[in-house]
Amino acid sequence: MIYVEIVLENKTRVTDRIYTYKVDEQYKHDVKIGKRVIVPFGKGNKKRLGIIVNILDEVNFKFELKYIYKIVDKNPIVTTDLIELAFYMRDRYLSDFSSAFQTVLPPGNWKDLEEVYFVNENSINDLDGETYNFFIKPRSYEDIQKKYPNLNITELLENNILKTKYIIKNSIKERKTYFYEYNKNFKLKSIRKNAKSQIKIIDYLKNNGKTEIKKLLKNTSTSSSVLKTLEKKEAIIKIEEVSYGKVIEENEIYKKITLNNEQKEIFNKILKSENNFNLIHGVTGSGKTEIYLHLTEQILKENKSVIILVPEISLTPQTIERFSGRFPNQVAVLHSKLTPTEKLEQWQQIENGDYKIVVGARSAVFAPVKNLGLLIIDEEHDTSYYSEKNPKYNTIEVAEYRTRQNNAKLVLGSATPSIESYYKAKEGYYNLFTIMNRATNSSLPKVNIVDMREELKAGNTSIFSSKLKEALEENLSLGNQSILFLNKRGHTSYIFCRRCGYVEMCQHCDVSMTYHKRSNRLVCHHCGRTKYKPNICPNCGSRYIKEFGAGTEKLEEECRKLFPDANIYRIDGDTNTGKNTYTNLYNKMKNKEIDILIGTQMITKGFDFKDVTLVGIVAADISLNVGDYKSSEKTFQLLTQVAGRAGRGESTGNVFIQTYKPGHYSIMASKNHDYESFYNLEIEYRKRFKYPPFYKLLNIKVSGKNRTQTRLKLFEILRYIQNNIKKEKLKNIEIIGPNPSPVNRINDFFRFDIHFKFEKNDLDFLKIIKRVLIEDEYKINLTGFKLSITVNPISFF
DNA sequence: AGCACGCCGACT
DNA sequence: GTCGGCGTGCTC
């Protein structure tokens with residue numbers, strides 16, 4: 001007897017485990033790991049979709065197992081490597097099986113089952129014509145109820161007039177094309193001489209071979225009924241082929257550039273090194289992309305595949321052009337703007353080996369390439385590499401796992417590496433390569449810091465400092481382009497004093513307090529302490545203390561007032577809706593139809609605007625005061641990236657950073673283009689306050705309709721965890737909470753958090769969490785509650 | 001999450 | 001005597 005272990009398509013935590021089924025003799029040779037199966041499940045033997053993850057010869061169960069109902073796939077739809085990866089993710093990120101598998105399976109293949117009813121061909125006389133025709137196409141129960149509410153389906157099934165089968169709900173259909181081919185074994189004599197059309201078709205197919213139906217009918221000017229006749233006579237054979245739409249336009253060739261000595265050295269070292277993990281720290285414009293392209297070329301020569309990941313936001317036509325322009329017709333693209341069908345088609349073509357290069361956003365790390373040889377993560381510091389949905393994976397860790405599986409090279413690149421990655425490089429876990437100079441010989445921009453407190457003292461309360469205003473005026477008169485950057489995000493804003501720059505901080509934690517509009521209170525997300533919003537500044541006594549939050553829209557308004565003759569263009573989440581927004585923007589910039597471009601993060605990635613000579617960062621403090629352990633890092637990265645947009649052409653760029661905290665180290669370091677000194681300060685802070693990379697973080701969030709009960713539920717969970725920590729004598733685990741979540745209520749659900757800090761190598765702690773919350777050792781009743789676990793959240797709160 | 005089972009009250 | 005409300009417990 002053969003047994004299979006399967007993972008079910010699932011919505012609940014409770015049934016989220018592996019189930020074992022028997023395999024009937026008739027399917028014995030058909031079972032393979034990675035195929036989907038339909039199985040009877042539960043007391044009602046309701047049919048469920050599952051995927052085979054293991055095949056066994058013997059098992060030891062105290063009860064009788066059930067037989068699988070049916071095998072869905074002819075061939076496995078996922079490789080064992082990727083199944084292994086799904087298991088790894090469930091373990092590492094404490095997610096459920098179902099969503100861990102969702103990420104590695106082809107898009108749209110892991111959904112609910114639906115039972116459909118269709119007619120038995122032999123019973124044509126048992127139904128009236130209309131009903132019979134209705135049931136030629138398989139119909140769902142609801143569709144039948146709508147059309148024929150009084151039809152007795154059960155009786156029709158019993159009498160074998162209707163049959164049923166299971167389909168996957170809303171699954172994506174393959175695009176199919178049909179061809180005809182001449183059957184060589186056909187005896188021509190059986191065609192009558194006066195059958196002109198038939199002969200015409202046969203002659204055509206004999207001369208031209210396999211032909212698509214449309215083309216065949218057009219070129220022979222015949223009708224499809226003739227084809228039907230010939231098909232019946234078996235003179236011609238119908239062939240069905242899956243066809244694919246194109247996602248990438250034919251691009252201009254992107255010329256190969258010879259690497260300079262610095263780039264060449266890195267290229268060679270990456271290829272030769274024993275260590276497969278690499279980090280390239282190169283200033284903006286240092287030519288990292290060119291190194292990627294050369295590496296890709298080399299790996300392709302070795303007949304291996306390449307995955308290139310870029311942040312979703314920078315997956316602009318310009319980025320895609322570079323790769324598809326250098327490697328025409330070899331590049332697949334995966335990102336969120338594709339339709340489900342396009343996604344599936346790209347996926348299938350990658351799986352077929354039609355494409356050896358995949359460019360995509362984070363989920364492309366799971367692309368089913370054959371023989372992975374190189375995985376590149378560009379802008380590796382970007383937060384979009386953290387998944388916010390289950391499994392809440394870190395793309396870099398997954399990439400490490402996948403490249404290790406395939407003995408492939410991993411290359412991370414950034415102008416501002418994340419503290420974690422740079423630390424790993426310094427520890428020797430990654431090879432570290434540093435490029436200090438721009439490849440194009442253009443120099444790094446000159447960065448000016450504007451102290452906004454001085455502006456206020458001088459009586460300037462507008463968004464623009466006088467220095468930035470003057471610089472904009474001058475740049476406009478010279479006919480050059482400018483970018484204004486304002487990163488307005490989040491719904492809660494902080495409170496600060498416009499006169500002295502004072503920001504309300506928590507007295508017990510080193511973070512700024514967040515203003516909650518609803519309760520008109522300031523809350524510390526760290527310890528949960530609150531206080532009233534002050535009306536006068538506790539530091540200087542001024543009344544200029546207030547909620548901060550001017551967005552890009554306001555900025556645009558002010559800008560138009562100030563420069564009525566300039567061409568001003570704004571791009572942010574609100575304006576970036578259409579498919580061609582990026583292309584339009586790019587062309588407008590290139591044609592100099594825009595003088596001042598206003599935008600959020602969007603404009604900082606994936607674009608090279610050669611003629612931009614001035615960049616103004618309107619409010620550098622926004623990301624600094626979010627009250628998170630990563631806020632300094634984020635600010636430094638953002639400022640450096642935005643500043644890097646300036647002066648990529650021949651003339652030197654100018655950058656103005658407006659801030660109320662001119663002395664802050666992340667602002668100082670970005671002014672001086674000094675990553676190293678920023679890193680040295682930041683890593684000390686991380687060490688002292690037990691943050692990554694020295695400690696790991698874990699967040700448990702529970703939400704529920706009732707405030708008190710939700711809070712108590714979290715205390716109950718914590719109690720089990722604490723007992724285990726005590727039992728196993730684990731040390732150095734810091735517990736913060738349960739506290740209300742930053743946004744305490746969403747959709748009438750109250751949310752509470754517990755945060756843990758634990759030593760980075762303490763796997764025992766993770767095992768405790770797994771036992772308590774995933775394997776459910778204590779049978780914690782969570783009906784009515786939602787539970788969410790995040791391992792290594794990017795933002796602690 | 002579903003679904004079946006079972007125990008209790010209301011109604012024929 | 002039996003129909004159905006919903007609380008409880010299980011799913012290979």
Side-chain angles (χ1 to χ4, degrees), chain A residues 1-28 30-72 83 86-87 90 94-102 110-116 140-142 145 153-154 157 164 166-170 389-391 701-706 709-710 713 716-717 747-749 771-789:
Chain A
M1 182 63 79
I2 300 186
Y3 304 88
V4 285
E5 291 188 322
I6 64 157
V7 166
L8 286 177
E9 197 280 330
N10 226 332
K11 279 171 212 63
T12 41
R13 253 169 23 89
V14 196
T15 50
D16 188 65
R17 46 188 136 135
I18 284 177
Y19 291 91
T20 312
Y21 283 84
K22 289 195 281 194
V23 177
D24 190 275
E25 197 65 20
Q26 60 166 315
Y27 293 134
K28 209 170 93 182
D30 227 10
V31 286
K32 292 234 167 61
I33 291 175
K35 283 188 183 183
R36 285 168 301 169
V37 285
I38 295 173
V39 294
F41 189 76
K43 282 186 186 130
N45 281 331
K46 206 178 170 242
K47 302 297 183 288
R48 298 273 295 265
L49 189 65
I51 188 146
I52 302 174
V53 296
N54 206 2
I55 301 170
L56 304 166
D57 291 325
E58 53 182 300
V59 290
N60 184 19
F61 281 95
K62 288 180 212 89
F63 53 91
E64 191 67 8
L65 298 179
K66 290 178 185 172
Y67 283 102
I68 59 169
Y69 175 74
K70 205 170 194 174
I71 298 176
V72 177
I83 290 176
F87 275 92
R90 166 164 142 119
L94 305 176
S95 87
D96 56 308
F97 272 123
S98 195
S99 48
F101 273 81
Q102 183 92 59
W110 195 229
K111 300 244 180 77
D112 255 355
L113 282 180
E114 186 169 44
E115 191 171 19
V116 288
S140 72
Y141 190 79
E142 286 102 57
Q145 287 293 309
I153 299 173
T154 325
L157 282 174
T164 104
Y166 293 89
I167 58 159
I168 295 155
K169 246 190 203 170
N170 308 319
K389 278 191 310 205
N390 263 339
K701 191 189 284 292
V702 172
S703 57
K705 284 257 183 208
N706 181 298
Q709 278 173 13
T710 308
K713 190 50 81 178
E716 184 192 335
I717 291 169
N747 271 335
D748 283 324
F749 273 81
R771 278 210 310 272
V772 175
L773 292 172
I774 305 295
E775 285 158 8
D776 205 15
E777 201 173 288
Y778 302 95
K779 304 249 178 280
I780 301 171
N781 183 5
L782 281 166
T783 37
F785 297 102
K786 263 186 259 168
L787 169 76
S788 155
I789 307 165

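Computed from a predicted model, the values in this text were never measured in an experiment.
- A salt bridge links A:Lys22 with A:Glu64: at least one charged nitrogen is closer than 4.0 Å to a carboxylate oxygen.
- In this structure the side chain of A:Val37 never reaches within 4.5 angstrom of the side chain of A:Val4, judged on heavy atoms.
- Looking at heavy-atom distances under 4.0 Å, A:Lys46 makes contact with sugar-phosphate atoms alone, never a base.
- Regarding A:Ile38, its CD1 atom lies at a distance of 17 Å from the C1' atom of C:dC12, rounded to whole Å.
- Heavy-atom distances to DNA chain B give each of A:Gly44 and A:Leu782 a nearest nucleotide, and the one nearer the 5′ end belongs to A:Leu782.
- Ring planes of A:Trp110 and A:Phe101: tilted class, angle from 30 to 60°.
- For the pair A:Lys46 and A:Phe41, the cation does not sit on the ring face, since its NZ or CZ is not both under 6.0 Å from the ring centre and inside 45° of the axis.
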Pairs under 3.5 Å (N/O, protein and nucleotides 4-11 of chain C):
| residue | atom | partner | partner atom | Å |
| --- | --- | --- | --- | --- |
| C:dT11 | O3' | A:Gly42 | N | 3.2 |

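- A:Asn781 places its CG atom 10 Å from the P atom of B:dA1, with the value rounded to the nearest Å.
- The backbone N or O of A:Asn10 sits nowhere less than 3.5 Å from a side-chain atom of A:Asp16 that would complete a donor-acceptor pair.
- Residue A:Phe61 is in base contact, counting any heavy-atom pair closer than 4.0 Å across all strands shown.
- Not one N or O on the side chain of A:Arg13 forms a donor-acceptor pair closer than 3.5 Å with the backbone of A:Asp96.
- A:Ile6 places its CD1 atom 9 Å from the P atom of C:dC12, with the value rounded to the nearest Å.
- Following rounding to the nearest Å, A:Ile55 (CD1) and C:dC12 (C1') show an atom-to-atom distance of 17 Å.
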